[in-house]
Amino acid sequence: MNETETTTTETAATPKEVRAWAKANGHNIGDRGRVSQAIKDAFTAATDRQVA
């Protein structure tokens with residue numbers, strides 16, 4: 001694994017973090033299951049963090 005991959009992995013948000021962000025920002029998201037790509041994209045755009 002190179003340095004870029006390590007850095008990305010360390011700063012990537014977990015699905016749990018994405019769900020918490022989505023709920024706090026008015027997105028309709030369940031407590032379980034797959035996080036939609038639209039939610040992941042919105043999270044990344046708002047926070048500048050990638051999703052794990």
Review point. Can you check whether Thr11's main-chain N or O pairs, donor with acceptor, with Arg49's side chain at less than 3.5 Å?
Key: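 Yes, because the side chain of Arg49 sits within donor-acceptor range (under 3.5 Å) of the backbone of Thr11.
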Practice item. Might you work through the side-chain contact (heavy atoms from CB on, under 4.5 Å) test for Trp21 and His27, ending with a clear yes or no? Key: CA-CA 9 Å; Trp21 173 88; His27 294 275; 3.5 Å; yes
Point to revise | Closest heavy-atom pair and its distance - Ile29, Ala22 | key: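 Of all heavy-atom pairs spanning Ile29 and Ala22, the closest is CG2-CB, 3.7 Å.
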**Study point:** Euclidean distance, Ile39 CD1 relative to Thr44 OG1, rounded to 0.5 Å
**Key:**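 Nearest 0.5 Å value for the OG1-CD1 distance: 11.0 Å.
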Exercise for review: Verify the neighbour count for atom NZ of Lys16: are there more than 12 heavy atoms of other residues, nucleotides or ligands below 6.0 Å?
Suggested key: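 Not more than 12 within 6.0 Å, no.
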